[in-house]
Amino acid sequence: MEAALAPEQIAEVAKGNVQSIASEPIPTNSESDEDMPLSQRALKVQKQAPAVNGNAKRQRVNYKDSSDSEDDMPLKDKIVPPRAAALQGSKRKPESRSDPAHDKKRRKTQSQPANGASTAARKKPGPQSGEKRWSKLCHSGVLFPPEYEAHGIQMLYEGKPVDLTPEQEEVATMFAVMKETDYMKHERFLRNFWDAFKPILGKGHVIRDLKKCDFSPIYEHHMAEREKKKAMPKEEKVALKAQKDADEAKYKVALVDGRQEQVGNFRVEPPGLFRGRGEHPKMGKLKKRVYPRDITINIGKGEPIPEHPFPGQKWKEVRHDNTVTWLAYWKDPISQNSFKYVWLAANSTFKSEGDLAKYEKARKLKYHIDDIRAAYEKDWKSKDPRARQMGVALYFIDKLALRAGHEKEEDEADTVGCASLKLENVELLEPETIRFDFLGKDSIRYENEVKVERKVFQLVKEFSTHDAHGNKKKNRDAQLFDTMDAQDLNRRVKELMDDLSVKVFRTYNASITLNRLLYESISEGSYSVDQRKADYDRANKEVAILCNHQRAVNKAHAGQMEKMQGKMQSLMEELHDLQADLKAARKSEKAGSADALQSRVEKKKQQIEKMELQAKVKEDLKTVALGTSKINYLDPRITVAWCKRNEVPIEKIFNKSLLSKFHWSMDVEPEFSF
DNA sequence: CCTTTTACTTAGAATGATTATA
DNA sequence: TATAATCATTCTAAGTAAAAGG
């Protein structure tokens, strides 16, 4: 049987040396790495001018220094300067959830097609609808976290040590190690934790009030252990690492139709306290340990069934479903109606094919976007209120790169996207500016003031005051779009282009923006590689802002900035002294030393300039995450082609894992335009 | 239809490793 | 040579959207 992997093969893959393995997967027309990649096959490349479109641009709000990004904006898109505001987590529990019943039952009031209901979308079986994804699949299943080992450290209750069973101690420790996190200040977290801890303590336990608990002995023990580990002699560390690698090696690879592929997340999630984002109703709940009996394995027929270290147990199920790409899944112990999956890694064929398809679909949108824009603008004037709402929603999705915004459950964080916007999320600023303020995915705040078409402004005003039946909307937490939801948007968009869905607009706008900015950028030729990279980063940043990709300000940020300022100060002083020396040397006409000083002055100046730029970029990017768009939204062929045109080594832009994830895009021709 | 289930992509924080700097 | 800053990787939560189910 060929399924088993030779150890040396495993080692290669485990090390991430997958180039040969990884490039192969795109088998259709390639025999070797050098062959024409899928990218080229798929695209009968049209060499067209860089796309320039009326793209959405937005001004970030939580961004102190707004001056720079504004001047290069087309006037039309300029946005009213925003009020300064703090980064995250506004307090915004809707006062009353007014009429939730109505909220849920809204929609469907009006019937069908908004306008010129073109050829209804044709079902093309995509890679999710029962199509065969593999013929042979072999892997080693999942790796379980080690069982809990009791440390025997006692916690204190009313100042006195308390004995805990290992089971109790495990949960106490989960809580103890979170001592320094913000969750400790979160009432809901504490309540949920207590509700989980109490039954584990059992009836009549001495511990009856969380407030009287002191977990710090456990916390300190945990920290001490950590220190110990850090202080371990080098050889021991190396040996430990080697052991770990060896234990994991077999889980890291899978064999798919004879190809070796890396597995992504082969580890079963260890138990812990749920760390939801934002105001998550379930934060602090105990996420229970997962066992083989909870896990369904997916594997090729006739392949050896993966083993597990729990003698009495069986896998929940073993399936041989070749229409899906997951290797295993289990029910998420926190939200009973969702699953955790084990998939192949980002560089696998499954994922690469998915990526390519995603970007090709977004590129296809380019040929339809004008018609689509015309269509939704026409809908603004429709007699059908549903069409009007849909038209405005699509405009937001296109211009602002908003997410679709599906309905959420009561037991999830209260966040919104386009379709689920509430009145309280939009403020009308006469004559034609809309101010958005809402918590989106991951409870990241989206704040933006956008100048919109007059008609859109009027429509949003209409939606803000009256529903589709002309009844007044009274509550701030009422739906802005009361006649439609995300599903309706997806259906609508399919009328406009086959297989189009709402999220494609984000990909499209992100990629086409990068493409345009890179073709517009002029620092070629005499500019240094670093300067050209800075160009790239600026474009990347613009996309990140468009997509609202944020990150928390690094805790040390302020201190680091101060330090830089201080350093700059002393550099300035040094420059000053040098300049004085130079002047003196000139006076005394010691030519040689003057020349030397002159060059030292120049050097110092450059040093200062570099530092200034560094400081500016750092401050600039303190809340902006560039990585997310690079990984998920920007067609790598744009980047690769730009690197080729500008003689920038691709490694400057893509790190090792991105290179591997995007191996399929590497031999795109330099003229590629998205 | 409308809701629920399933499968997949996208997301920021936390952690770990590497590099720059004092 | 330790410490700090930066960068890469891991982790798992939180979205989207299609299909299945009733």
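Computed from a prediction, not measured in an experiment: that's the story for all the values here. Chain letters run A, B, ... following the sequence lines, proteins first, then strands; residues in each count from 1.
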Check your understanding: Which part of the nucleic acid, if any, lies within contact of A/E412, taking any heavy atom under 4.0 Å across all strands shown: a base, the sugar-phosphate backbone alone, or nothing?
Key -> nothing
Check your understanding: Does A/D635 come within less than 4.0 Å of A/R637, counting only side-chain N to carboxylate O?
Key -> yes
Study note, to complete from the structure: Closest to the side chain of A/K656, out of C/dT16, C/dC11, C/dT9, is C/dT9
Exercise for review: Using a strict 4.0 Å threshold on nitrogen-to-oxygen distance, state whether A/K316 and A/D294 make a salt bridge.
Suggested key: no
Study note, to complete from the structure: Winner on side-chain proximity to A/F274, out of C/dA4, C/dC11, C/dA14, is C/dA14
Exercise for review: Would you indicate which nucleotide in C/dA4, B/dT10, C/dA13 comes nearest to any side-chain atom of A/K340?
Suggested key: C/dA13
**Study point:** Phosphate-side-chain proximity, A/K618 and C/dT6, N/O vs OP1/OP2 below 4.0 Å
**Key:** yes
Check your understanding: Between A/K408 and C/dA14, does any side-chain N or O lie under 4.0 Å from OP1 or OP2?
Key -> no
Check your understanding: Between B/dA11 atom P and A/D442 atom CG, what is the distance in whole Å?
Key -> 8 Å
Review point. Just checking A/K282: base, sugar-phosphate only, or nothing, at a heavy-atom cut-off of under 4.0 Å?
Key: nothing
Review point. Nearest nucleotide by nearest heavy atom, which residue falls closer to the 5' end of DNA chain B, A/K567 or A/W326?
Key: A/W326
Exercise for review: Report the distance from atom CG of A/N337 to atom P of C/dG15, rounded to the nearest whole Å.
Suggested key: 14 Å
Check your understanding: Taking CG from A/D488 and P from C/dA17, how many angstroms apart are they, rounded to a whole number?
Key -> 13 Å
Exercise for review: Quickly work out the A/E410 CD to B/dT3 C1' distance and round it to whole Å.
Suggested key: 17 Å
Review point. Quick one: are A/Q479 and A/D485 in side-chain contact, heavy atoms under 4.5 Å?
Key: no
Revision key, fill the gap. A/D332 atom CG is separated from C/dT12 atom P, nearest whole Å, by 11 Å
Revision key, fill the gap. Rounded to whole Å, the CZ-C1' distance (A/R267 to C/dT12) equals 13 Å
Review point. Among B/dA11, B/dG12, C/dA18, which nucleotide sits nearest the side chain of A/S501?
Key: C/dA18
Review point. Closer than 4.0 Å, any side-chain N/O of A/W343 to the OP1 or OP2 of B/dA7?
Key: no
Exercise for review: Could you tell me whether A/G272 contacts a base, only the sugar-phosphate backbone, or nothing, with contacts defined as non-hydrogen atoms closer than 4.0 Å?
Suggested key: nothing
Review point. Of all the nucleotides listed (B/dT3, C/dA13, B/dT10), which has the minimum atom distance to the side chain of A/Q487?
Key: B/dT3
Practice item. Using a cut-off of strictly less than 4.0 Å, decide whether A/R403 has a side-chain nitrogen or oxygen near OP1 or OP2 of B/dA11. Key: yes
Review point. Out of B/dT10, B/dC8, C/dT12, which has the shortest distance to the side chain of A/E269?
Key: C/dT12
Review point. Below 4.0 angstrom from OP1 or OP2 of B/dT6, is there any side-chain N or O of A/S338?
Key: no
Point to revise | Nearest-neighbour nucleotide for the A/Y633 side chain, B/dT10, C/dA18, C/dA4 considered | key: B/dT10
Check your understanding: How would you label the contact of A/G417 with the nucleic acid (heavy atoms, under 4.0 Å): base, sugar-phosphate, or nothing?
Key -> nothing
Practice item. Name the nucleic acid region contacted by A/G627, choosing base, sugar-phosphate or nothing; use a 4.0 angstrom heavy-atom cut-off, strictly under. Key: nothing
Check your understanding: Atom CZ of A/R133 to atom P of B/dT6: distance rounded to whole Å?
Key -> 18 Å
Exercise for review: Could you check which of C/dA18, C/dA17, B/dG12 has an atom nearest any side-chain atom of A/V502?
Suggested key: C/dA17
Review point. Are OP1 or OP2 of C/dA14 and a side-chain N or O of A/H406 less than 4.0 angstrom apart?
Key: no
Revision key, fill the gap. Out of B/dC8, B/dA11, C/dT12, minimum distance to the side chain of A/P270 belongs to C/dT12
Check your understanding: Under 4.0 Å: is that the gap between some side-chain N or O of A/K358 and OP1 or OP2 of B/dC8?
Key -> no
Study note, to complete from the structure: Looking only at B/dA13, C/dA17, C/dA13, the nucleotide nearest the A/N490 side chain is C/dA17
Check your understanding: Quick one: is A/K494 getting a side-chain N or O under 4.0 Å of the C/dA17 phosphate, OP1 or OP2?
Key -> no
Review point. Donor-acceptor pair under 3.5 Å: do we get one between A/K503's side chain and the base of B/dT9?
Key: no
Check your understanding: A/K563 near the nucleic acid: base, sugar-phosphate alone, or nothing, with a heavy-atom cut-off under 4.0 Å?
Key -> sugar-phosphate
Review point. Are there more than 12 heavy atoms of other residues, nucleotides or ligands under 6.0 Å from atom NZ of A/K610?
Key: no
Study note, to complete from the structure: Separation of B/dT9 atom C1' from A/N265 atom CG, nearest Å, is 13 Å
Exercise for review: Evaluate side-chain hydrogen bond (donor to acceptor under 3.5 Å, both in side chains) for A/E261 paired with A/H139, printing each intermediate quantity in order.
Suggested key: CA-CA 10 Å; A/E261 303 264 16; A/H139 59 87; over 6 Å; no
Review point. Within the structure shown, what part of the strands sits under 4.0 Å from A/K287 by heavy-atom distance: base, sugar-phosphate, or nothing?
Key: sugar-phosphate
Side-chain donor-acceptor contacts of residues 328-337 of chain A below 3.5 Å, not counting sequence neighbours, with atom names and distances?
from, atom 1, to, atom 2, distance (Å)
A/Y329, OH, A/R319, NH2, 3.0
A/D332, OD1, A/I334, N, 2.9
A/D332, OD2, A/S335, OG, 3.1
A/S335, OG, A/S338, OG, 3.0

Practice item. For A/Y183 and for A/F350, find the nucleotide of DNA chain B with the closest heavy atom, then tell me which residue's nucleotide is more 5'. Key: A/F350
Practice item. Specify the residue among A/Q560 and A/N655 whose closest nucleotide of DNA chain C lies further upstream toward the 5′ end. Key: A/Q560
Check your understanding: At under 4.0 Å, does any side-chain N or O of A/H549 touch on OP1 or OP2 of B/dA11?
Key -> yes
Practice item. Report yes if at least one side-chain N or O of A/R506 is closer than 4.0 Å to OP1 or OP2 of B/dA11; otherwise report no. Key: yes
Review point. Taking only N and O in the side chain of A/T415, is any of them less than 4.0 Å away from OP1 or OP2 of C/dA14?
Key: no
Check your understanding: Do the side chains of A/Y446 and A/L439 get nearer than 4.5 Å, heavy atoms only?
Key -> no
Check your understanding: So which pairs with a foot in residues 559-568 of chain A pass salt bridge (charged side-chain N to carboxylate O under 4.0 Å, His left out), sequence neighbours left out?
Key -> none
